[in-house]
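Reviewing the structure listed below.
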Amino acid sequence: MSNEPQVVVVDSSHRDSAAARGVAAEFLKQHCPWADLDAVLLVVSELVTNAIRHTSGWWRLHLTAEQETLIVDIDDSSPLPPVARRPDFAGGGGFGWPMVLRLAGHVEVTPLPEGKRVQAVWQRQSAMAPAR
């Protein structure tokens, strides 16, 4: 991989959550083979699904790969941050946001002029890192 960051952008007007996962899977294969594919795809799926479910407007997925870092950003039209809520085992949800927080190495929510950005970041684990 070159020293230049690799980036792909998926706009809501052209894609749904399944297509976003497909783009993310291909991106990871090409630019971040070290990343936990299942964890990243679950986070992408949850963030896109939440944007579709909880906003009435657009969303945009940004994937950025640097040599040691993977960044997943989802921008959407709602200024409201995600809120953890009690899981509803009868089908009402409440599982996604805690899962995102658990699977990503770091999660940050930033207000934007026309909505917000949710950013999930993974760092490549060093081959020398001690086992836990």
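Because only heavy atoms are used, hydrogens play no part in the values below, and waters and symmetry mates are left out as well, while side chains stay in. Remember, predicted model here, so these are calculated numbers, not experimental data.
Both Leu41 and Val118 are assigned to one and the same hydrophobic cluster, defined by single-linkage of ILVMFWY side chains at heavy-atom distances under 4.5 Å. Leu101 and Val48 fall within a single hydrophobic cluster, where Ile, Leu, Val, Met, Phe, Trp and Tyr side chains are chained together by heavy-atom contacts under 4.5 Å.
Between the CH2 atom of Trp58 and the CD1 atom of Ile52 there is a distance of 13.5 Å, given to the nearest 0.5 Å. Here CG of Asp36 is found 10.5 Å from CD of Gln125. Values are rounded to the nearest 0.5 Å. Atoms OG1 and CZ, on Thr49 and Arg21 in that order, are 6.5 Å from each other to the nearest 0.5 Å.
Looking at every heavy atom in both residues, Leu63 comes nearest to Ala24 through CD1-CA, 3.6 Å. The minimum heavy-atom distance between Leu28 and Ala35, with the atom names listed, is CD2-CB, 3.9 Å. The two residues Trp122 and Trp34 come nearest to each other via the heavy atoms O-CH2, 3.7 Å.
In the displayed structure, Glu114 atom CD is contacted under 6.0 Å by at most 12 heavy atoms of other residues, nucleotides or ligands.
For the side chain to side chain contact (heavy atoms under 4.5 Å, CB included) test, residues two or more places apart in sequence or in another chain that qualify with Leu42 are Met99, Leu103. Every residue two or more places apart in sequence or in another chain was checked for a salt bridge (charged side-chain N to carboxylate O under 4.0 Å, His left out) with Glu108, and none qualifies.
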Take Trp59 and Asn50 through the test side chain to side chain contact (heavy atoms under 4.5 Å, CB included) and record every step on the way to the result.
-> CA-CA 10 Å; Trp59 58 265; Asn50 286 345; over 6 Å; no
Determine, step by step, whether Trp97 and Leu47 satisfy the side chain to side chain contact (heavy atoms under 4.5 Å, CB included) criterion, reporting the C-alpha distance in whole Å, the side-chain angles of both residues, the deciding distance to 0.1 Å, and the verdict.
-> CA-CA 8 Å; Trp97 185 239; Leu47 294 178; 4.2 Å; yes
Can you give the donor-acceptor pairs under 3.5 Å from side chains of residues 70-81 to other protein atoms, not counting sequence neighbours?
from, atom 1, to, atom 2, distance (Å)
Asp73, OD1, Gln119, NE2, 2.9
Asp75, OD1, Arg117, NE, 2.6
Asp75, OD1, Arg117, NH2, 3.4
Asp75, OD2, His62, NE2, 3.3
Asp75, OD2, Arg117, NH2, 2.8
Asp76, OD1, Ser78, N, 2.9
Asp76, OD1, Lys116, NZ, 2.8
Asp76, OD2, Lys116, NZ, 3.1
Ser77, OG, Gly57, N, 3.3
Ser78, OG, Leu80, N, 3.1

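Test Leu37, Asp38, Val44 against Val40 for side chain to side chain contact (heavy atoms under 4.5 Å, CB included) and you get one pass: Val44.
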